[in-house]
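Read the structure below first, then the notes.
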Number of protein chains: 2
Amino acid sequence: MARKSPLKDEALEHVARRFAVLAEPMRLRLLQALFAGEMNVNALVAATGGTQANISRHLQTLTHAHILSRRKEGLQVFYTIADPSIFKLCELVCGSLEKQFTKNADAFSR
Amino acid sequence: MARKSPLKDEALEHVARRFAVLAEPMRLRLLQALFAGEMNVNALVAATGGTQANISRHLQTLTHAHILSRRKEGLQVFYTIADPSIFKLCELVCGSLEKQFTKNADAFSR
DNA sequence: CAAGTATATGAGTATATGCGCATGTTAAGT
DNA sequence: ACTTAACATGCGCATATACTCATATACTTG
């Protein structure tokens, strides 16, 4: 993106897919929890307040997108953030949204 | 995100919404076209190959998300990228996906 | 005011996906 | 072998949203 030649359709769909994976509040909560480091499923269920089944599915989605990595240890499965670009992505979006809100706040307060 | 205290639910939904807006190939095509500068709807319809109705809807979505800005001039409406963070966002995702693919390529070629 | 052009929008349909419930699978302990 | 614990998954429902077609709106020109 932001290059000389436009991306091909297939590439665009990959990019869109990546954004779609990040477009769920529950998945963002999982990522937020994992920012502190590796966690197993039970801990993530507790941290996010979701049901075990639902969390498991979201973890699957994030793993298939290569955003998380899985490590099995006995009965437990530990997940970690595998793609460091996620940090910057979230920071960028948060920063942009903050600007928007402070702008709106300004508009109302004068 | 990536801060000391976790984001509130409402903030997470805003972040998720921002990602959702970017999770459509056609909208990414529109952004890609607009990277070169301001364009009116007809030009965008031609550049993306979509129908006028569909493009108009996507432009509305992007504008409501404060990613694009609208400027009316007579009969025509010109759109511009209003949020510069979009550039970096797309670059980050593209870079991350490229790494993934070259990694996979490596894995198969040895 | 009539006609034409550029864009937006209402309505309907099809598809995708998040969630809950129940059940399956894998591994540890007794 | 049986039980229990930790995860994963099949299925059905409900909702969201992308797309198309037709029509509405806004503006310009004759």
Side-chain angles (χ1 to χ4, degrees), chain A residues 9-10 12-34 38-82, chain B residues 9-10 12-34 38-82:
Chain A
D9 287 7
E10 198 193 331
L12 279 181
E13 293 191 9
H14 278 109
V15 176
R17 179 63 200 159
R18 158 74 42 130
F19 282 127
V21 169
L22 297 173
E24 282 300 313
M26 184 56 93
R27 285 198 282 270
L28 293 177
R29 273 204 257 181
L30 287 169
L31 290 173
Q32 214 173 211
L34 287 167
E38 197 184 48
M39 286 203 204
N40 66 17
V41 179
N42 257 339
L44 287 167
V45 168
T48 59
T51 66
Q52 184 267 320
N54 200 26
I55 296 304
S56 183
R57 275 209 209 293
H58 283 307
L59 290 171
Q60 183 181 236
T61 301
L62 288 163
T63 305
H64 283 161
H66 301 280
I67 292 173
L68 299 184
S69 65
R70 256 177 68 109
R71 182 175 70 81
K72 242 185 139 175
E73 187 178 315
L75 271 181
Q76 303 181 341
V77 178
F78 290 86
Y79 286 89
T80 322
I81 294 184
Chain B
D9 287 7
E10 198 193 330
L12 279 181
E13 292 190 10
H14 278 109
V15 176
R17 178 65 198 157
R18 158 74 40 131
F19 282 127
V21 169
L22 297 173
E24 280 301 311
M26 184 56 92
R27 285 199 282 270
L28 293 176
R29 274 204 258 182
L30 287 168
L31 289 174
Q32 214 173 211
L34 287 167
E38 198 184 48
M39 285 203 203
N40 66 18
V41 179
N42 255 342
L44 287 166
V45 168
T48 59
T51 67
Q52 184 266 322
N54 200 25
I55 297 302
S56 182
R57 281 223 149 70
H58 284 306
L59 290 171
Q60 182 181 236
T61 301
L62 288 162
T63 305
H64 283 161
H66 301 280
I67 292 172
L68 298 185
S69 65
R70 254 176 70 108
R71 182 174 69 82
K72 239 185 141 175
E73 187 178 315
L75 270 182
Q76 302 181 342
V77 177
F78 290 86
Y79 286 90
T80 323
I81 294 184

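None of the values given here were measured: they were computed from a predicted structure. In what follows, chains are A, B, ... by sequence order, proteins preceding strands, each numbered from 1.
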Measure the distance from [atom1] on [X] to [atom2] on [N] and round it to the nearest whole Å.
X     : N      : atom1 : atom2 : result
A:L44 : D:dA6  : CG    : C1'   : 13 Å
B:R71 : C:dA8  : CZ    : P     : 14 Å
A:M39 : D:dC7  : CE    : C1'   : 17 Å
B:N40 : C:dA8  : CG    : C1'   : 15 Å
A:Q76 : C:dA27 : CD    : C1'   : 11 Å

Do you know the tightest heavy-atom contact between B:M39 and B:A33?
CE-O, 3.2 Å
Under 3.5 Å, N/O pairs linking protein and nucleotides 24-30 of chain D:
residue: D:dA26; atom: O3'; partner: B:K72; partner atom: NZ; Å: 3.1

Is any N or O donor-acceptor pair between the side chain of A:Q52 and the base of D:dA6 shorter than 3.5 Å?
no
Would a 4.5 Å heavy-atom cut-off, applied to side chains only, mark [X] and [Y] as touching?
X     : Y     : answer
B:L30 : B:Y79 : no
A:L68 : A:T80 : no
B:R29 : A:L12 : yes
B:E10 : B:H14 : yes
A:E13 : B:L28 : no
A:L62 : A:L34 : no

Would you say [X] places a side-chain N or O within less than 4.0 Å of OP1 or OP2 belonging to [N]?
X     : N      : result
A:T51 : C:dG20 : yes
A:Y79 : D:dA6  : no
A:Q60 : D:dT9  : yes

Report the distance from atom NZ of A:K72 to atom CG of A:N40, rounding to the nearest 0.5 Å.
13.5 Å
Without placing hydrogens or testing angles, list every side-chain donor-acceptor pair under 3.5 Å for residues 46-61 of chain B, not counting sequence neighbours.
residue: B:T48; atom: OG1; partner: B:L44; partner atom: O; Å: 2.8
residue: B:T48; atom: OG1; partner: B:G50; partner atom: N; Å: 3.4
residue: B:T51; atom: OG1; partner: B:N54; partner atom: N; Å: 3.2
residue: B:H58; atom: ND1; partner: B:R27; partner atom: NH1; Å: 3.0
residue: B:T61; atom: OG1; partner: B:R57; partner atom: O; Å: 3.2

Can you check nucleotides 14-18 of chain C for protein contacts, nitrogen or oxygen pairs under 3.5 Å, and list what you find?
residue: C:dT17; atom: OP1; partner: A:R17; partner atom: NH1; Å: 3.4
residue: C:dG18; atom: OP1; partner: A:R27; partner atom: NH2; Å: 3.0

